[in-house]
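A quick write-up on the structure given underneath.
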There are 2 protein chains.
Amino acid sequence: MHKKLVLNVVSRILLVVCLSMVLPLGWAFVEDYSSTETRAFLVAMLGGFVFTFLVRKFFPVSMDEMEELNAKDGLAIVGLSWIFISVFGAVPFFLSGAVPSYTDAFFETASGFTTTGATVITRIEALPRGILFWRSLTHWLGGMGIIVLSVALLPALGRGAYQLYRAEAPGPTAERVRPKMKETAKTLWMVYFILSFAETVLLMAGGMPLFDAMCHTFGTMATGGFSTKNASIAAYGPYIQWVIIGFMLMAGANFQLHYQALRGQVRSYTRSEEFRTYLLLILTCVPVFTAILYLTSGSLGEEVLRTAAFQVVSILTTTGYTTADFNLWPAFLKVVLVILMFIGGCAGSTGGGMKVIRVWVALKSGYRSVRQALLPNAVMHVKIDAKPVSDSYVLMATTYFLIYVSLFGLGTVFMTLSESTDLVTAFAASVACLSNIGPGLGEVGAVENYAWISIPGKWLLSFLMLAGRLELYSILVLLLPSTWRK
Amino acid sequence: MHKKLVLNVVSRILLVVCLSMVLPLGWAFVEDYSSTETRAFLVAMLGGFVFTFLVRKFFPVSMDEMEELNAKDGLAIVGLSWIFISVFGAVPFFLSGAVPSYTDAFFETASGFTTTGATVITRIEALPRGILFWRSLTHWLGGMGIIVLSVALLPALGRGAYQLYRAEAPGPTAERVRPKMKETAKTLWMVYFILSFAETVLLMAGGMPLFDAMCHTFGTMATGGFSTKNASIAAYGPYIQWVIIGFMLMAGANFQLHYQALRGQVRSYTRSEEFRTYLLLILTCVPVFTAILYLTSGSLGEEVLRTAAFQVVSILTTTGYTTADFNLWPAFLKVVLVILMFIGGCAGSTGGGMKVIRVWVALKSGYRSVRQALLPNAVMHVKIDAKPVSDSYVLMATTYFLIYVSLFGLGTVFMTLSESTDLVTAFAASVACLSNIGPGLGEVGAVENYAWISIPGKWLLSFLMLAGRLELYSILVLLLPSTWRK
């Protein structure tokens, strides 16, 4: 890689995050201008500025050099940026004393940026506003993508922006937009902003104060899951819960579709095979969950339906908000939730997981291979949106599935090594972090948290969160020695 | 499919199984010629002969028609044969009263033929010899493959044999041997017979009576797992256990390699990348297991090493014999065992699972995709035995991985629906049956059995056993309507 170039760009991205700290600083300042957290934010921001300044001074990069940015640099920049911003974003948590150790602070920040929502904080409501706001803001920044934001904001990236954009969102939708990268990045953030604004207004209409409405909007639109309440969304009434269900549903869909819908092409939704599959999955699971919860609890009505819908949508979109302790649900529902955890949201959404389209292509490949066994010499294509998909793309999808499941397996193995815990907790923590959900099962279940995990365990889970959020490659390449060579 | 043709061939394969019942009949006759089980075998054999006779009479097939056998027929014949022989093989268990219901009898027989070794019998030592012998013989017949045996024995199959052979053993090794199908089938059975004879002699040298030595040989060489003892191999001393470890190791390797070794080419083993991977996996796991068992039990020595080696080899080769209750081992070892369950033996072995070569190719595909991300335009090949493998083969391997994991997931979901059990038992039962191992974890752990599973659960697990043994396709195509069309 071009090390100087990579460091330079990483520092620019860090600057964007550094500047964004002005918002939590504002809340902290208003609450108590002389508080520890006010100082924590000021120190962190100062540190960020100094770092950026030093990098720019000692490792300057010209516009010509910027054009040399290649695929390897792009992946490295994205992977390293996300590690750097997590390292940096953890500073206020640590300095303010909100979390007991730097490991915890890093875990909480990585969990925030990757929109996982796994927390090490046991008494959330005891935290000052500035810290809570920063915690939720990391979701919002990470949801649509800090790189996408940087591409939209920073002029100097030039054509190199494509390599970055591609590395942060390697899904099938990114390819199409190469010629107008910057415009696309701006458009996506605009849609994201509009939907976020709408949700905040609707939550406030339900009686939620501005502060909580913003934090929960960040948690919803980014499919994050951090709440300002210990009880998560169970602390709120039916109206708030339905609003959040609706916005989680939107956050888990491709934002290109929302953009087209905002431009009047509402049909885009139904024309997308991925969106139809996503919706069908929810519309199948919700009645089944409702029926089984009715059979086990005996009560039927809006509440059961709402609980079922909330949990199915929250888990599939990888948000991780909870209104019920699904750890106590029948094993059948838990297994289905685990499967939904693997699937995740749509490509081009803020959701995590393997993504609906990849799983769908992989399953179609499986179905084709069965039909192919009957007619070995026939030419058969996997089709998406009624168009044949190339076999190299199908191989990408099935290989992604394989790496994903392997990382999950490795994560489970390491969890059983670092923690003396049961199998269910180990595999649930692994998939809940890799798929950026947050709550899992067992000791990391809906009403539990990650505070008890050992230090090595927290670093491992942070690695899984980052790998999952960045769709594996920009993190995995950092493990290859050849990435670090010139 | 050509229905008449398929039915005709299925009946011929059934005849081979029917004739093999003469062996357990012999044991039953010697033990007590007037016993219920003697009569059960006579009735079953008579039924089998009548069925075959009726099919041949009313659905005769000429040699010319036999040549019409295509890939679809081949798959259907294999899938249906295995179902038919399980249906038929269950008759003596049922008629003799050895198992309480026909579902149990079918489960036990399918578990036998597929070399799973999952049992519904709680008091094994109370069973008469004829029944015990038949139970173990189903392993031996199913291990190398009843179709392979039929190809070797039946002259009338002609060129159609290729389609059958291909469908029962669709691994990469089957392709090469097309021109000399019958010879290969005979060779494989010869090697199988020689190794089985050697094991029986060695077991008898350790003081095991002929009957038990034969039954345990069948269980070992077929990577089955049925024992004549309630305590499985824990009932025997170190010598017997080491002998069984050695033969499990051989049974989990490609039999083509054994054939070459018998012809003096011992180097074949080290030249095979799959065999090296298989051996490396064992040589990595055994010391790790020994170390951890030492740390948790405090004792060190031959016994700990033997226990570790036995369980690692038994699970990886999918035999399922036990000398210790690994359900009580630390979670780390249990997770590793579960991963070994998925991997399974080598292609061309009697072992189940996904097969070492497929997992290896899939992992190499994953590694390639990470390197490819760095150099998007470079041409990179997955290599096996130092030769590049085509992308269509890589896609086959990753797709197989996908279908396998999906079936495992579906199996787990259905298990939680049909049984009121915990997650670990549900997923362990699913993988232990799909990979043809037998014992899993939790309530289907090493010292438990499958007797308590509900009737729908037993049929589901039987389906998984058959799908796993036949490498998915010949069972899955039976679910497609187009298979049943002309």
Side-chain angles (χ1 to χ4, degrees), chain A residues 71-72 75-76 167 170 330-336 338-339 342 362-363 365-371 373-377 391-392 394-403 405-406 409 412-417 419-427 441 472-474 476-477 479-480 482-483, chain B residues 71-72 75-76 167 170 330-336 338-339 342 362-363 365-371 373-377 391-392 394-403 405-406 409 412-417 419-427 441 472-474 476-477 479-480 482-483:
Chain A
K72 191 192 276 191
L75 285 165
F332 170 70
L333 297 186
K334 290 199 271 188
V335 177
V336 174
V338 169
I339 292 173
F342 277 99
L363 287 177
S365 165
Y367 179 61
R368 172 179 65 168
S369 77
V370 177
R371 286 188 304 132
L374 291 176
L375 298 164
N377 301 318
D391 269 8
S392 64
V394 175
L395 180 57
M396 264 173 53
T398 54
T399 301
Y400 192 90
F401 183 93
L402 167 101
I403 304 181
V405 171
S406 305
T412 308
V413 168
F414 279 102
M415 280 300 291
T416 55
L417 259 188
E419 326 300 318
S420 53
T421 183
D422 61 303
L423 287 190
V424 171
T425 301
F427 81 65
L441 296 172
L472 311 179
Y473 293 104
S474 27
L476 292 182
V477 294
L479 304 176
L480 291 186
S482 65
T483 306
Chain B
K72 191 191 274 190
L75 285 165
F332 169 70
L333 297 185
K334 289 199 272 188
V335 176
V336 174
V338 169
I339 293 174
F342 277 99
L363 286 178
S365 165
Y367 180 62
R368 173 179 65 169
S369 76
V370 177
R371 287 186 306 132
L374 291 177
L375 298 164
N377 300 319
D391 270 10
S392 64
V394 176
L395 181 57
M396 263 172 54
T398 54
T399 300
Y400 192 90
F401 183 93
L402 167 102
I403 304 181
V405 171
S406 305
T412 309
V413 168
F414 278 103
M415 280 300 290
T416 56
L417 258 188
E419 324 301 318
S420 53
T421 183
D422 60 303
L423 287 191
V424 171
T425 301
F427 82 64
L441 296 171
L472 311 180
Y473 293 104
S474 26
L476 292 183
V477 295
L479 304 176
L480 291 186
S482 65
T483 306

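Each chain gets a letter, A, B and so on, in the order the sequences are listed, and its residues count up from 1.
When B:Leu480, B:Leu479, B:Thr483 are each tested for a side-chain contact (heavy atoms from CB on, under 4.5 Å) with A:Val370, only one passes: B:Leu480.
Of the listed residues B:Ser406, B:Ser482, B:Gly366, the one with more heavy-atom pairs under 4.5 angstrom with chain A than any other is B:Gly366. Of the listed residues (B:Thr398, B:Asp391, B:Leu374, B:Ile339), the one with the most heavy-atom contacts under 4.5 Å to chain A is B:Leu374. Looking only at heavy-atom pairs under 4.5 Å with chain A, the residue among B:Thr412, B:Val338, B:Leu423, B:Leu476 that has the most is B:Leu423. With respect to chain A, the highest number of heavy-atom pairs below 4.5 Å among B:Val424, B:Val335, B:Leu402 belongs to B:Leu402.
When heavy atoms are compared at a cutoff of 4.5 Å, B:Leu395 approaches chain A by way of both its backbone and its side chain. For B:Thr421, the part lying under 4.5 angstrom from a heavy atom of chain A is the backbone only. Of the atoms belonging to B:Tyr367, it is side-chain heavy atoms, and not backbone ones, that fall under 4.5 Å from chain A. With a 4.5 angstrom heavy-atom cutoff, B:Ala426 does not touch chain A via any of its atoms. For B:Leu441, the part sitting under 4.5 Å from any heavy atom of chain A is the side chain, from C-beta outward, and nothing else. Contacts between B:Arg368 and chain A at a heavy-atom distance below 4.5 Å involve the side chain alone, from C-beta outward.
The shortest side-chain heavy-atom distance between A:Thr416 and B:Pro330 does not fall under the 4.5 Å cut-off. Contact check for B:Phe401 versus A:Val405: side-chain heavy atoms found under the 4.5 Å cut-off. The shortest side-chain heavy-atom distance between A:Phe414 and B:Phe332 does not fall under the 4.5 Å cut-off.
Side chain to side chain, B:Ser369 and A:Thr399 fail the donor-acceptor criterion of an N or O pair below 3.5 Å.
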Item to check | Chi angles and distances behind the side chain to side chain contact (heavy atoms under 4.5 Å, CB included) call for B:Lys334, A:Asp422 | outcome: CA-CA 10 Å; B:Lys334 289 199 272 188; A:Asp422 61 303; over 6 Å; no
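The heavy-atom pair separating B:Ala71 from A:Ala373 by the smallest distance is CB-O, 4.0 Å.
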